[in-house]
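Values below: every heavy atom of this structure, side chains too, minus hydrogens, waters and symmetry copies. Within every chain, numbering begins at 1; the chains are lettered A, B, ... in the order of the sequence lines, protein sequences first and strands thereafter. Quick caveat: nothing in here was measured; it's all calculated off a predicted structure.
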Amino acid sequence: MRVDSGGQANRTKAQDRARSVLDARPEHSADSPVSIHAMTVAYRRRPVLWDIDFDAPARSLVAIVGPNGAGKSTLIKACLGLVPMASGRVEFWGQPLRQARGRIGYVPQRESVDWEFPVSALDVVCMGRYRKIGWFRPVSRSHKEVARACLDRVGMGDYADRQISQLSGGQQQRVFLARALAQEADLYIMDEPFAGVDAATERAIVVVLRELQSQGKSVICVHHDLATVGEYFDSALLLNMRVVAAGAVGEVMTQQNLHKTYGGRLTLLSEASEAVARSGV
Amino acid sequence: MNAALHRFIELDLLPMLAGAMAALTCGLLGNYLVLRRLSLMGDAISHSVLPGLVIAFIVTGTRDPVVMLVGAGLSGVATVVIVELIRRFGRVDPGAAMGVTFSVLFALGVFLIEQAARQVDLDADCVLHGQPELLGWTVPADFGELLSPVTLGAVPRQIWILFAMLLITLAFITALFKELRIASFDPQLATTQGVHAGLMHYLLMVLVAAATVASFEAVGSILVIAMIICPAVTARLLTDRLGSQLLVSAIAALIAALGGYWLGALGPSLVGSEISLSAAGTMAVLAGVLFGVALLASPRHGVITQIRRQKHLASRVLVEDLLVTLRRAERSGESSVSVGRLRPILRGEATRAVELGERERLIRRRGDSVELSEDGRARADAVLHVHRQWQSYLIEEAGYLPDHAHEAAERLEHVADASAMNPPEASGSAPDRS
């Protein structure tokens with residue numbers, strides 16, 4: 001089956017180079033659920049993320065904040081290996097992704113899947129158990145019960161047998177959240193869980209996030225609503241292609257930092273490069 | 001032994017079996033293509049397999065089935081890779097990418113086949129249409145000998161290949177049911193869960209390519225394409241779970257194959273006609289007919305259901321308009337209104353509206369005039385209440401001008417009954433986040 005030797009053998013030259021860059025930097029904490037080292041990501045040669053360095057604090061709720069096109073989703077996808085990095089390294093609790101995979105739960109953007117797909121809400125939540133169930137085996141009753149309990153936690157227990165297209169947007173988002181809970185992870189990475197949901201869902205999600213935190217888990221959310229960052233999260237990462245600021249919400253969410261993230265030169269630069277990418281080649 | 005049965009086994013059993021197995025294999029795999037919005041991929045692969053076959057033949061010089069399967073499998077994968085590359089770097093939608101790929105590759109195949117066919121027998125016509133009728137089987141007159149090694153040895157190899165393909169497909173989709181489901185529904189989550197979505201995709205495509213080739217010789221590519229798409233979309237209309245969709249698609253594929261064969265090969269002789277239809281053709285047509293029936297009669301998404309729902313809504317709107325009119329008249333002091341005066345208000349449907357209202361006991365007839373019953377008055381008040389709520393919501397929350405709001409509310413008052421409705425009262429404004 002899977003043989004894990006830490007992947008040391010197949011490090012590429014680029015990664016070696018990144019390493020030497022890292023040596024010049026202060027040591028990252030092994031306690032951190034995610035540490036990102038010198039990450040650069042490019043789509044078709046246009047850099048989307050540039051030299052990102054970030055250590056997520058353990059057992060806290062972290063918001064990734066930034067304007068459209070700042071690379072927020074790309075950042076978490078690159079961490080999860082869904083988007084290739086041009087350079088850099090990501091570690092989870094000091095381990096590479098391959099070894100930490102079972103401890104990470106992921107909630108993609110709601111629009112990333114086809115909600116007409118012929119599955120029930122319970123089926124979707126059960127997908128969070130697939131890794132624990134293992135290849136080739138069917139979903140057993142005990143796993144279904146866990147999934148049902150997760151649906152209950154997000155207030156969706158009565159909708160378990162509904163086909164997912166019959167759910168409202170907020171309910172769909174809660175099903176996604178339940179699926180992440182079913183993964184029983186130590187770190188949850190969520191892409192805009194609050195986007196386009198109703199007030200009831202928003203409250204339900206916040207309750208679940210707090211619960212997770214009180215259980216000693218860490219949560220990282222891409223978040224689009226500046227008004228609620230302070231209320232829902234402990235720390236924030238302000239992002240616009242580069243890390244503008246990172247730290248406790250109270251210290252980071254200053255007028256100056258926000259101006260740098262949303263209105264400053266960095267935005268102009270990215271807009272310019274977008275315009276170039278659109279018009280040319 | 002019964003002569004007619006003997007004749008059936010010798011002439012019809014194997015072609016029927018071949019059609020059924022090909023239909024089942026393609027029909028089951030097709031579900032995953034349809035769900036991933038890659039329906040055209042079946043088309044693409046079954047066309048682009050042609051150059052793969054010819055190239056495999058040119059390179060090795062044999063028509064050994066294993067060589068053919070490998071050639072087809074490779075060209076299937078090549079097709080998927082090319083489509084993906086075109087989609088990514090050409091920035092075109094998947095449909096266009098698939099269209100470009102398979103038309104060009106198919107043309108290449110036709111060109112190559114003409115070159116190669118000068119030396120040997122590779123018949124383009126046969127590849128396209130297939131000739132299931134040619135799958136004869138020489139069987140001894142004694143039934144006891146039917147399953148003896150010699151008799152089974154006389155079964156053409158196409159049948160065995162199809163049988164193997166069917167078994168592989170069944171094993172694939174049962175053993176990897178949940179992996180295929182997660183990879184089709186949410187490739188990103190699948191990948192983070194350790195089910196590599198890309199790998200599943202290519203496995204599936206290799207299988208589609210292999211199934212295509214296995215079915216080619218026996219039933220032809222037209223049937224392959226039909227069977228990849230038709231049973232799956234038929235089942236999609238009738239079910240809302242993946243498992244039941246797979247089952248229904250398999251049943252649809254079987255009905256199309258067996259029924260189609262019966263229509264093509266046996267049907268004409270039953271009505272005394274001497275002509276015989278191409279069985280592959282009738283199977284494909286029947287698969288299309290099944291889809292048509294499902295499209296019309298599907299309980300939830302079907303055309304008939306939709307029409308019935310619309311009719312139902314239309315008559316409800318009509319009756320409610322009548323009730324509201326009578327209620328407004330009542331409030332201005334007229335307890336009954338003549339049918340003649342209702343005509344201009346109800347756009348020529350006054351008579352029907354009155355009939356419907358009477359049947360539901362919402363109104364009473366008094367000679368030439370009608371008046372509200374107790375129930376009718378309550379219903380009219382309810383509609384008016386909803387109308388007012390919508391009107392104030394549209395003006396205050398949605399920023400409509402008052403005279404526009406009345407028109408819009410006139411339409412909405414019918415849609416929003418107690419269960420569907422909440423905008424005006426319950427959640428008038430966006431969630432408060434102070």
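- In this structure, chain B has no heavy atom under 4.5 Å from any part of A:V107.
- Here the rule is side chain to side chain contact (heavy atoms under 4.5 Å, CB included) with B:V80, and of B:L85, B:L204, B:I45 only B:I45 fits it.
- Contacts between A:K132 and chain B at a heavy-atom distance below 4.5 Å are absent for every atom of the residue.
- Only the side chain of B:R236 comes within contact range of chain A, with heavy atoms under 4.5 Å apart.
- Checking each of A:Q172, A:Q171, A:R174 against A:T201 for a side-chain hydrogen bond (donor to acceptor under 3.5 Å, both in side chains) leaves exactly one that passes, namely A:R174.
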Would A:L187 and A:F92 satisfy side-chain contact (heavy atoms from CB on, under 4.5 Å), going step by step from the backbone distance to the final call? CA-CA 9 Å; A:L187 165 68; A:F92 299 87; 3.7 Å; yes
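- Contact count against chain B (heavy-atom pairs under 4.5 Å) is highest for A:D161 among A:V139, A:D161, A:I164.
- Neither side chain, B:Q188 nor A:S112, offers a donor N or O lying under 3.5 Å from an acceptor on the other.
- Looking only at heavy-atom pairs under 4.5 Å with chain B, the residue among A:G102, A:C126, A:S165, A:G128 that has the most is A:G128.
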Candidate pair B:M41 and B:V208, rule side-chain contact (heavy atoms from CB on, under 4.5 Å), full reasoning: CA-CA 9 Å; B:M41 196 60 108; B:V208 170; over 6 Å; no
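- Within the 4.5 angstrom heavy-atom criterion, no atom of B:S244 approaches chain A.
- In terms of heavy-atom pairs under 4.5 angstrom with chain A, the leader among B:V195, B:L189, B:L242, B:T191 is B:L189.
- In this structure, chain B has no heavy atom under 4.5 Å from any part of A:I104.
- Side-chain atoms of B:Y202 and B:E84 form no donor-acceptor pair, as typed in the model, at a separation below 3.5 Å.
- Relative orientation of the A:F194 and A:F233 rings is perpendicular, given thresholds of 30° and 60° on the angle between their planes.
- Of the atoms belonging to B:Q245, it is side-chain heavy atoms, and not backbone ones, that fall under 4.5 Å from chain A.
- If you measure heavy-atom distances from B:F177 to chain A, you find no contacts under 4.5 Å at all.
- Among A:D114, A:L80, A:I133, A:L97, the residue with the largest count of heavy-atom pairs under 4.5 Å with chain B is A:D114.
- With a threshold of 4.5 angstrom between heavy atoms, A:Q166 approaches chain B through side-chain atoms but not through N, CA, C or O.
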The test is side-chain contact (heavy atoms from CB on, under 4.5 Å); show your working for A:V222 and A:H224 and say whether it passes. CA-CA 7 Å; A:V222 171; A:H224 66 292; over 6 Å; no
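- Of the two parts of A:R179, only the side chain, counted from C-beta on, holds a non-hydrogen atom closer than 4.5 Å to a non-hydrogen atom of chain B.
- None of B:N31, B:T239, B:T234 except one satisfies the side-chain hydrogen bond (donor to acceptor under 3.5 Å, both in side chains) rule with B:S249; the exception is B:N31.
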